[in-house]
Amino acid sequence: MSGRGTPGDGRRGIADRRQASLDRGTGTDLIPRDSGRGARPGSKPGLSAPSVAADAMYDTVDQAALRRVDVHERTADATVYRKVDRRGPEGTAAERTAAVRSGRPPVDEQRSAPAAATRRVAGRGQRDRPTQLTERMAMRVGEAGAAGAVSERGTGAAGRPVAGRGGSRRPGAAREGRPGSVAPSTSRMARAQEGGPGGPGGPDGPAPSRRRGGGRSSRPGQGSRGPMWWRRRPRWLRRLVLAGVFSSILLFVAGIAVIYAATRVPLPDEVKTAQTSIIYYSPTSAQQSNGDEMARLGTVNRTDVPLSQVSKAMQHAALAAEDKRFYSEPGISPKGIARALYVNLTGGDLQGGSTITQQYAKNAYLTQERTFTRKMREIVLAVKLDRKYSKDKILEFYLNTIFFGRNAYGIEAAAKAYFNTTAAQLTPEQGAVLAGLIRSPNYLDPVKNPGPAATRWHEVVATMAAEGWAPASITSAQPPPVIPKAIQNTADTSAQVAYIRDEVVRELTAAGITEQQIKQDGLRITTTIDQSRQIASFQAVNQVLSSAYAAVPDLRTGLSAVEPGTGRILAWYGGSLYGKDAQGREAYEDNVSGAQVQSASTFKTITLIAALQKNINLKSTYAAPAKAYLPGYVVENDESEGGDLGYKNLIEATAASINTVYVPLGQTIGVNNVIATARTLGIRDKTALKSEAGITLGQDSVYPIDMTSVYSVLASNGVRATPHIVDKVVDGNGQVIYSGAVQNPKQVIPAAVARDATYALQSVITDPSGTGHRAALEGGREAAGKTGTSTDFRSAWFCGYTKEIASCVDMFRGEGLVSDQLRGIPGAPDGVYGGTLPARVWKAFMDAALRGVPKSTFDPPAFGGMVQDNAPPSPSPTITAAPDASQGTTGMLGDLFGGGDGAGGGTGTAGGGQQQGGTRGGTRPRQTGIIVDPFAGG
């Protein structure tokens, strides 16, 4: 007990000092450092003066808070506190008993007896500070010094405990055996905490450890990294969040890897981007790959072109508008992708962040849905495309797939839609307009929104100038004007070109090219149509028949022209109406290849060729009576030519189109031989040809293009080439997938036969009395041809040729029925003969089509075969007797197109045939046994 006061003395001293402090009204307790321990005997009073001064610096604001704080360690320079768990205002009974036995004050007095200190803990002289703040300040001081303090109980020199449960007793042995003294080691520890020698921050110590939050010490389990709100979360929660984030990253990377491995970049020909197929006229020179554009096929207006056919100005404009670093980037823009992902994941509008490569990948290979998965596939495809193709190739793909508005897909269609030009001819100013449209094609159309369009144009040209792709002066210019709307190709609205388009489709379909290919694969279809001759056909019909069409709206005309020896169709007039007109009339049937028309006397040419092949000479003579009788048949010429025409050779009979000569000629050589010759010359097998005597008179309906083929064989001296309207077809890869030249020409009749037939057909035009003398060409150019007029004017024809062109003109009304007669038409009020309006149309066309072409002459005739005199014996009275009127038309060849009723077993009469002109022969007796042509001459 030496040197140590009793517990009662300590408690009384604390209470007295507390009361004195309260009496002064400061709200603080000034507590000597050695309170509660008693003074050391013999000590000098001045020894504790510094401690008193230090105590004066310590003030408490909230006694209740201080009661929850115990002294952890006390040194000569500082006092360290710590927070303890109190279970009640008086403590437990065990705590009070332990305190009495150890000579300490009871627990409740320990709470209210602050220990001496040398550091201001809290308060700063203020009153009524919040309890929590005071407690926190005390905790900071206590925790800061706890690093070097003894935290567990020890024993003093006398073998007694140095500190109790609350840490209110100072640890260490008393200096010189005196209780209350501070051990040197403890003093050094305290000084080190204050930055003294050997301590953190001191001269000889390590740098102090600083924590965020003003040096606040960590709670149990508190993290040491990151912001305080994160560090103060429970450890299990922090670990769970980190594990989730790490797993998500791994899953994302694994997903990208799977998508990359599973994504295959299709080849360019596997990318089915629907595009327009274009029909072109035939090139006008050998240096051209095709002529002018005629029409387009397909619902998608797209035409792919190689990059070499896109002007450099347009290429630079696209780069300036969409991706100026295209040639230096790896196919994707990481910065743009990160920005887009951030906006998308945070709920903003879906962003693109796309390069030109990504845009092409999306347009060509993917859908337009705006989803995260599609975006990832787009990125993967862009990377693979960049590795697989060159930059130029990707730019070519891109420019051919993007949408420019006005239903234009790809740069070629856009150039046509906005400037009526081609991609190869686009200027920098025009290219900037089109490139500016890519961002928002419909909104930035200069016609719809000129202000925003001009702003965008200036942005693009500014980038072009900055990159050195355009002169600086372009920035001060104004956008070039665009056409008000996409120009409709005049050919698309032309009935004639509409019929050509349909014929092109029919020919390609027959060749095995599907309609889907035609309408979606962007084919380049070069036709055989000569543009100047096509115009000539249109003008010829309108020049001759304009008044006729005005008076007879249902008048129908067809014109086709073929190059002899090759079968190339040079001109095609399928009709004056395609679709429905303002009067409600509509027509879709082609008058050249769709309609079947009675060929009338143009078919006599086939009988002539068949006879020449049977070794019959052109100079052979035949009787040409007004009426000719065959067993069971009677044939007559035109009603106006009822007299006997004497004897005529085949040249004269052809010029005058004498029925009473040609019908028996066909009978003599055999009708089946005539039919076979017709098939050889080009009359298709599906055309029904009846094995009857009337076949020579053109009783059967044929396709007009087939008759053109027949006459082209004669023009080429017997060589037949199937007429075709398509020259070649090139697909999107530049490969020729069809060629009309595969129609190999073939010699189908001897050249001598063709020359003799041509000589006879020349007389139709050159003979002043010939039925086709109105078709004589200007300048005396040699030509050959044949007229045709059917019974009751149901049809009228003229077919003719030179060595360069063979062509036919056919005319009829409505459906070509008996009731549809070519009467009452201006220029031919009594009826249209083949030698009138059709001959005039043919001449107008041929004169224009051959203008500038050197004159050619036909090869001289061969006059092959044997000359025959076919005068029959005198007729028997019983045969020449007129038929009984009561028997109607029995015993006479009736109207081959519906005349006669066939009563009494007869075949009808053969009257009513028309023949324009005709040379009268002598007064030889009328011959019998000859069938009269009811389609005389016309």
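Just so you know, residue 1 is the first one in the sequence shown, and it goes up from there. Everything numeric in this text was worked out from a predicted model, so none of it was measured.
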Chemist: Where the side chain of Asp731 meets the backbone of Gly734, is there a donor-acceptor pair that is under 3.5 Å apart?
Modeler: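 Yes.
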Chemist: Salt bridge between Glu778 and Arg851, side-chain N to carboxylate O under 4.0 Å?
Modeler: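 Salt bridge present between Glu778 and Arg851.
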Chemist: Just wondering, more than 12 heavy atoms not from Phe538 lying within 6.0 Å of its CZ?
Modeler: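 Open.
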Chemist: Answer yes or no: is there a side-chain heavy-atom contact under 4.5 Å between Ile279 and Glu293?
Modeler: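 They are not in side-chain contact.
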Chemist: Is the shortest side-chain heavy-atom distance between Leu570 and Ile805 below 4.5 Å?
Modeler: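 Side chain of Leu570 against side chain of Ile805, heavy atoms only: contact under 4.5 Å found.
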Chemist: Tell me whether Asp502 is salt-bridged to Arg506, with the criterion being a basic N under 4.0 Å from an acidic carboxylate O.
Modeler: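 No salt bridge links Asp502 with Arg506.
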Chemist: So, for Ala317 and Ala432, which heavy atoms are closest and what is the spacing to 0.1 Å?
Modeler: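 Reported closest heavy-atom pair: CB-N, 3.8 Å.
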Chemist: As a quick check of understanding, evaluate side chain to side chain donor-acceptor pair (under 3.5 Å) for Arg568 and Ser282, giving each step before the final call.
Modeler: CA-CA 10 Å; Arg568 301 177 74 248; Ser282 176; 3.2 Å; yes
Chemist: Between Thr276 (side chain) and Gly522 (backbone), is there a donor-acceptor pair under 3.5 Å?
Modeler: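 Absent.
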Chemist: If you look at every heavy atom in Ser277 and Lys519, which pair is closest and at what distance?
Modeler: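 Closest heavy-atom pair between Ser277 and Lys519: OG-N, 4.4 Å.
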Chemist: Closer than 3.5 angstrom, by distance alone: can the side chain of Glu503 be matched with the main-chain N or O of Ile725 as a donor-acceptor pair?
Modeler: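 Such a contact is absent between Glu503 side chain and Ile725 backbone.
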Chemist: Has Lys728 got its NZ or CZ under 6.0 Å from the middle of the six-membered ring of Tyr738, at an angle within 45 degrees of the ring axis?
Modeler: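 So Lys728 doesn't make the cation-pi contact.
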Chemist: To the nearest 0.5 Å, what is the distance between OG1 (Thr802) and NZ (Lys855)?
Modeler: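 The NZ atom of Lys855 is 12.5 Å from OG1 of Thr802, to the nearest 0.5 Å.
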Chemist: Can we call the ring centroids of Tyr573 and Phe845 under 6.0 Å apart?
Modeler: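 Distance test on ring centres: not under 6.0 Å, no.
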Chemist: Is there a side chain to side chain contact (heavy atoms under 4.5 Å, CB included) between Thr401 and Arg302? Walk through the geometry before answering.
Modeler: CA-CA 8 Å; Thr401 56; Arg302 184 202 311 272; 4.1 Å; yes
Chemist: Would you kindly say whether Asp530 and Ser532 are connected by a side-chain donor-acceptor distance under 3.5 Å?
Modeler: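 Their side chains do contain a donor-acceptor pair, which is all the 3.5 Å distance test asks for.
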Chemist: Roughly how far, to the nearest 0.5 Å, is CG of Asn301 from CD1 of Ile278?
Modeler: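 So the gap between those two atoms works out to 8.0 Å.
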Chemist: Do the charged groups of Arg556 and Glu589 touch, with an N to O distance under 4.0 Å?
Modeler: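 Yes.
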Chemist: Without hydrogens or angle criteria, can the side chains of Arg524 and Asn290 be said to hold a donor-acceptor pair below 3.5 Å?
Modeler: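 Result is no, nothing qualifies.
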Chemist: Under a 3.5 Å threshold, yes or no: a donor from one side chain and an acceptor from the other, between Thr708 and Ser560?
Modeler: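 There is such a pair between these side chains.
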Chemist: Answer whether the closest heavy-atom distance between the side chains of Ser576 and Val541 falls below 4.5 Å.
Modeler: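 The answer is no, as the side chains (C-beta and beyond) never meet within the 4.5 Å cut-off.
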Chemist: Flag yes if more than 12 heavy atoms outside Glu467 fall under 6.0 Å of its CD atom; otherwise flag no.
Modeler: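 For Glu467, atom CD is crowded (more than 12 foreign heavy atoms under 6.0 Å).
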Chemist: Atom CD in Gln496, atom CG in Asp590: separation rounded to 0.5 Å?
Modeler: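 Atom-to-atom, Gln496:CD and Asp590:CG are 10.5 Å apart.
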Chemist: For residues Leu307 and Glu396, report the shortest heavy-atom separation together with the two atoms involved.
Modeler: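 Residues Leu307 and Glu396, closest heavy atoms: N-OE1, 3.2 Å.
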Chemist: Determine whether a donor-acceptor pair (N or O, by modelled atom type, separation under 3.5 Å) exists between the side chain of Asn542 and the backbone of Ser546.
Modeler: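 No.
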Chemist: Can a salt bridge be assigned to the pair Lys416 and Glu412 using a cut-off of 4.0 Å between side-chain N and carboxylate O?
Modeler: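 No.
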Chemist: State the CG-CG distance between Asn400 and Asp304, to the nearest 0.5 angstrom.
Modeler: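 The CG atom of Asn400 sits 4.0 Å away from the CG atom of Asp304.
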Chemist: Could you check whether atom NZ of Lys391 has more than 12 heavy atoms from other residues, nucleotides or ligands sitting under 6.0 Å from it?
Modeler: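 Yes, because the 6.0 Å sphere around NZ of Lys391 holds more than 12 heavy atoms from other groups.
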Chemist: Between Arg456 and Leu444, is there a donor-acceptor pair closer than 3.5 Å when you use the side chain of the first and the backbone of the second?
Modeler: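 Looks like no, no N/O pair under 3.5 Å.
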Chemist: State whether Tyr418 and Arg406 meet the cation-pi test: NZ (Lys) or CZ (Arg) under 6.0 Å from the six-membered ring centroid, and within 45° of the perpendicular axis.
Modeler: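 The answer is yes, since Arg406 meets both limits relative to Tyr418.
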Chemist: Output the distance between atom CZ (Arg840) and atom CH2 (Trp842), rounded to the nearest 0.5 Å.
Modeler: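 With rounding to 0.5 Å, CZ (Arg840) is 15.0 Å from CH2 (Trp842).
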Chemist: So, do Trp457 and Glu429 sit near enough that their side-chain heavy atoms are less than 4.5 Å apart?
Modeler: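 With C-beta onward as the side chain, the pair touches.
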Chemist: Is any side-chain heavy atom of Gln309 less than 4.5 Å from a side-chain heavy atom of Gln425?
Modeler: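 Side chain of Gln309 against side chain of Gln425, heavy atoms only: no contact under 4.5 Å found.
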Chemist: Closest heavy-atom contact between Thr528 and Val726?
Modeler: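 The answer is CG2-C, 4.0 Å.
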Chemist: To the nearest 0.5 Å, what is the distance between CG on Leu508 and CD1 on Ile737?
Modeler: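 One finds 8.0 Å between CG of Leu508 and CD1 of Ile737.
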Chemist: Does Asp392 form a side chain to side chain donor-acceptor pair (under 3.5 Å) with Tyr327? I'd like the steps, not just the answer.
Modeler: CA-CA 9 Å; Asp392 284 348; Tyr327 280 94; 2.6 Å; yes
Chemist: In sequence, state the C-alpha distance, the side-chain angles, and the governing distance for Leu395 and Phe326, and then conclude on side chain to side chain contact (heavy atoms under 4.5 Å, CB included).
Modeler: CA-CA 9 Å; Leu395 183 59; Phe326 169 72; 4.1 Å; yes
Chemist: Between Leu555 and Met811, does the side chain to side chain contact (heavy atoms under 4.5 Å, CB included) criterion hold? Intermediate values first, please.
Modeler: CA-CA 7 Å; Leu555 180 64; Met811 291 181 63; 3.7 Å; yes
Chemist: Could you go through Tyr398 and Thr357, starting from their C-alpha distance and side-chain angles, then the distance that decides it, and tell me whether this counts as side chain to side chain donor-acceptor pair (under 3.5 Å)?
Modeler: CA-CA 8 Å; Tyr398 172 75; Thr357 309; over 6 Å; no
Chemist: I need the minimum non-hydrogen distance between Val853 and Arg533, along with the two atoms involved.
Modeler: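 The answer is CG2-NH2, 3.9 Å.
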Chemist: I want to check something: taking the side chain as every heavy atom from C-beta on, are Ile529 and Val497 in contact at a cut-off of under 4.5 Å?
Modeler: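 Answer no - side chains too far apart.
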Chemist: Under 3.5 Å, is there a donor-acceptor pair between the Trp572 and Ser537 side chains?
Modeler: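 No - no donor-acceptor pair under 3.5 Å links their side chains.
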Chemist: Would you tell me whether Asp727 and Tyr281 have side-chain atoms, one donor and one acceptor, within less than 3.5 Å of each other?
Modeler: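 No - no donor-acceptor pair under 3.5 Å links their side chains.
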Chemist: Shortest non-hydrogen contact from Val460 to Ala321?
Modeler: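 Taking every non-hydrogen atom into account, CG2-CB, 3.9 Å.
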Chemist: With distance as the sole test, does Thr526 use its side chain to make a donor-acceptor pair with the main-chain N or O of Tyr280 at under 3.5 Å?
Modeler: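 Answer holds: no.
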Chemist: Is it the case that the side chains of Thr303 and Tyr409 hold a donor-acceptor pair, with the cut-off being a distance below 3.5 Å and no angle test?
Modeler: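 Side chains of Tyr409 and Thr303: no pair found under 3.5 Å.
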Chemist: Pairing donors with acceptors under 3.5 angstrom, does anything connect the side chains of Gln516 and Thr514?
Modeler: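 Note: Gln516 and Thr514 side chains miss the donor-acceptor criterion.
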Chemist: Taking C-beta and beyond as the side chain, do Thr463 and Leu319 meet within less than 4.5 Å on heavy atoms?
Modeler: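 Sidechains of Leu319 and Thr463: no contact.
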Chemist: Quick one: does Ile569's side chain get under 4.5 Å of His724's, heavy atoms only?
Modeler: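 Ile569 vs His724: side chains apart.
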Chemist: Determine, step by step, whether Tyr499 and Asn591 satisfy the side chain to side chain contact (heavy atoms under 4.5 Å, CB included) criterion, reporting the C-alpha distance in whole Å, the side-chain angles of both residues, the deciding distance to 0.1 Å, and the verdict.
Modeler: CA-CA 9 Å; Tyr499 285 118; Asn591 297 335; over 6 Å; no
